[in-house]
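Structure record follows, encoded as structure tokens.
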Amino acid sequence: MASSETAPAADQRTRSLASFLRSQMRNIAPFLTLIFLSAFFAFASPSFATIDNLGNILTQVSVTGIIAVGLTFVILCAEIDLSIASIANVTGIAVAYFTLQESYVNIPNIPLPGVAAILLALLLCAALGLVNALGLTVIGIPSFIMTLAMMQIAAGISALLVRGQIAYKVPSLISTLGSGSIGGIPWIVIVAAIMLLGGHLVLTYTRFGRYVYMVGGNREAAEYSGLNVKLILSSVMVISAVCSGIGGMLGVAHFGSAQQNEFDTYLLDSIAAVVVGGTSLFGGRGGIGNTIVGLFVLGVLNNGLDHVNIDSFLKILIRGVILLAALIINVYAQHLREKAAD
Amino acid sequence: MPEGQQPILELQGITKSFGGVEALRGVDFALLPGEIHGLVGENGAGKSTLMKIIAGVHTEFSGRFLIDGQETHFRSARDAHAAGIAMVHQELSVAPDLTVAENVFLGNQPTNALGLVQWRRMAREAGEQLARFGIDVDPMSRLGDLPIGLQQLIEIARVLFSGARIVILDEPTSALSPPEVERLFTTLRRLREEGTAIVFISHFIEDILRVSDTVTVFRNGRKVAETASAATSKGALIEAMIGRGGEVLEHSYTDDLMLPRPSDSSIVLKVDQLSLARSLKDVSFEARAGEVLGIYGFMGCGQQELSRILFGKLKPDAGTLAVDGKPKTFASTAAARRAGVALVPESRRAMLFHQEPVYKNISISILDRISSLLLKPAQERDIAKRQVEQLQIRPPVVGLDLGMLSGGNQQKVALAKWLTYPPKLLVLCEPTRGMDVGAKNDVINIVRDLRAKGLAIIVLSTEPETVLSLADRILVLKRGALVREFKNEPVSKDRLLEAA
Ligand SMILES: Nc1ncnc2c1ncn2[C@@H]1O[C@H](COP(=O)(O)OP(=O)(O)OP(=O)(O)O)[C@@H](O)[C@H]1O
Ligand SMILES: [Mg+2]
């Protein structure tokens, strides 16, 4: 008799553990992916698991990380921003445009003091973000379309500013943060870490952060709760553009040049980092913690593939396949979570 | 239960728990072909949970499950469907972005030899089916654009005509007005003649007694009584449900009720000549501090639109609003909230966050009062705990995800959102929908308390009982126009129905 009493109880416990794991799938899967990839590359290549290489990976993901902070806010609200890379590019170009270039650079630019150049560049990206915001909230254009248009507009402004040329100089503050280091740690890694931390604090501990999650979780309910949904959506679009702009300025300093189409790969990488990390494309779930894991998955993957000896064209395909797998998990985790609620 | 008939469905010793919470404890339940089986019980008693087990939604439970005497285990809702079981869920489960016709045929659209959907045939057949049920609607319109009551009717129609031999209706009448309820009952009786077994859950005990053959009472996850409807009474059922004398709790409002003299306290809301497309025509009225204004009307009479305009969710085509004498044009719901207006809409889904804990649901509308920049989770939880206690929300755990509460308890959370810092004007749409008798009584008391504190309260409902139990003054809305005002005079259910 006693055994038939305890069996169902134990059964219930394992079931509730299983349902807990299912509901946490979104956070567990990316982490397991990261561990698996790291173990794989460490095993496949002796040069992968070294302190030096860890530094490389951190530096390589920094620009993506800075851009992904803002994008996390946007995706948490169940919107998307496709203009991040273009805005990064135009902001990087703008800060160079307002800096005195060497005489051989043939751009009709407007040299200003460093602080003014930085402020103008920040103003530019904020303004572009504001245009995204107004298109989305006032006119009601879906963010996918609105930011697609902005991608072109920002690319157009970049083209007009550099006219096919390359600029090299940026204000000294930017060049320090982008390419300098302190005590052996690159400044750009520190900036990325600070921005990720800042994003996390805002999302977790502030009223605005709560609103972001609630708007993403159920927009209609947010409206019926008397939240200013349009204002919140506008803010995240501007935050995204400003983060992109900062990433763009530091990126230009990091690469050592400002030119057209320099950031094109960052669009996919940033979206991938956020989504691979497990932030829900349907909004309301995830956060900066997820984005950080996603960044590392991407960083380890990109860096690790360079350490093993495979066809460099195949690498592109492998990246694509891993992204697809992550997307499948992302959508699937949503269903699992809903099921776990039963 | 008649002797000698083989149950179509039999459950034995069903136990189901969610995490640590036991929702069902050793429940036996049998359903005969050609019977209408009523199910009653307090909010959270386990009614929906048992039905979801039958419909294959919850697949993990212990106990025996027999269909036609055969032990069965469903692995999904699809299995249950294949076995001839169809259910109308308490929470609407329609697809708002699809057309009416697609919703009617959800999952089995008629297709031609190439596998393409036959739109014209589908639209025609959907139209015919709905017409049989007295619903006149364009089958190609988007379902989400229709009033919630009509959506519910369409879902009911879909399930009733799906050919299932076991039909489960979980609070199907909560969004319907009396004429639709009558039509539903007629249809149920016809299906019973054809041998369909029907389970009918409702908090309207009178409805249950009128339409069902057998009634089962649930309390705290257990079945506490099962009797023939003819052999019991409302009072006895309520007593079994909540374990104390029931008569005092539920009026039937068939006799005249005297409305008080209109108050002459200050006017909080003044509405002048409000019009909206085809929904509202020249609506003018005022709501006063310390008064409950009831607005009664049938489904689709414009109540929903009116409430949305008051909360800044819809913009009227013409007319003005004034709060405390100041003219207002609300640009957003946030503006309305700042002006001191609060709304509890009739749909829980529209105002609650199912994946978030109860306390975040309760604090969301007042966050700016308790924190300027940084959140204060401890304080949020305290506030939520007080509300949960006051409204007796079960289970009383503020950290639980809202989706884990029973329907009636979710409704209480929707109300709790606005109570910590009471607004000037509280607009309640169907405030007692889905609540058990005890909870309804709690809501009545809460509303009276708020009235005593000087709030202006507007109650909009399609249930005469709701308006009669709460209001000091009653307006009747008919096809978008105010047609009658009851004040300082006797009123009853019949008089209201007549005016509407
Ligand atoms: N998905 C879930 N996860 C956790 N607990 C749940 C879940 N669904 C229901 N419960 C709990 O099970 C109990 C029974 O809920 P159920 O929905 O069956 O009540 P009900 O009788 O239908 O009440 P109501 O009249 O309010 O609809 C409640 O305590 C509820 O909180
Ligand atoms: Mg229920």
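All figures in this text were calculated on a predicted structure; none of them were measured in a lab. Proteins get letters first, then strands, A, B, ... in listed order; numbering begins at 1 in each.
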Verify the neighbour count for atom CZ of Phe65(B): are there more than 12 heavy atoms of other residues, nucleotides or ligands below 6.0 Å? yes
Nearest 0.5 Å please: distance from the CE atom of Met351(B) over to the CD atom of Glu223(A). 12.0 Å
Please find the pair of heavy atoms, one from Leu375(B) and one from Thr204(A), that lie closest to each other, and give the distance. CD1-O, 3.7 Å
Hey, which of Gly209(A), Ala222(A), Gly284(A), Gly217(A) has the most heavy atom pairs under 4.5 Å with chain B? Ala222(A)
Enclosure of Tyr359(B) OH (heavy-atom neighbours >12, cutoff 6.0 Å): yes
Quick check on the interface: out of Ile366(B), Thr333(B), Val344(B), Thr49(B), who has the most heavy-atom pairs with chain A under 4.5 Å? Thr333(B)
Donor-acceptor under 3.5 Å (Arg210(A) side chain, Leu367(B) main chain): no
Largest heavy-atom contact set with chain A, pairs under 4.5 Å, which of Leu352(B), Leu343(B), Asn361(B): Leu352(B)
After noting the C-alpha distance and the side-chain angles of Tyr224(A) and Arg337(B), does the key distance pass the side-chain contact (heavy atoms from CB on, under 4.5 Å) rule? CA-CA 9 Å; Tyr224(A) 278 117; Arg337(B) 180 170 65 90; over 6 Å; no
Checking Ser225(A) side chain against Ser365(B) main chain: does a donor-acceptor pair fall under 3.5 Å? no
For chain A, find which of Arg338(B), His354(B), Lys313(B) contributes the most heavy-atom pairs closer than 4.5 angstrom. Lys313(B)
Is Ser347(B) close to chain A through its backbone or its side chain, or both, or neither, when contacts mean heavy atoms under 4.5 Å? neither
Counting only N and O atoms by type, is there a donor-acceptor contact under 3.5 Å from the side chain of Ser332(B) to the main-chain atoms of Asn228(A)? no
Looking at CD of Glu220(A) and CZ of Phe353(B), how far apart are the two atoms once the value is rounded to the nearest 0.5 Å? 10.0 Å
Gap separating the CZ atom of Arg207(A) from the CD1 atom of Ile370(B), nearest 0.5 angstrom: 9.5 Å
Output for pair (Met214(A) CE, Lys360(B) NZ), nearest 0.5 Å, gives 7.0 Å
Under 4.5 Å from a heavy atom of chain A, the part of Ala350(B) involved: both
How far does CD1 of Ile364(B) sit from OH of Tyr213(A), to the nearest 0.5 angstrom? 13.5 Å
Does any backbone or side-chain atom of Lys376(B) lie under 4.5 Å from a heavy atom of chain A? Answer side chain, backbone, both or neither. neither
Measuring from atom CG of Leu373(B) to atom OH of Tyr205(A), what distance do you get when rounded to the nearest 0.5 angstrom? 13.5 Å
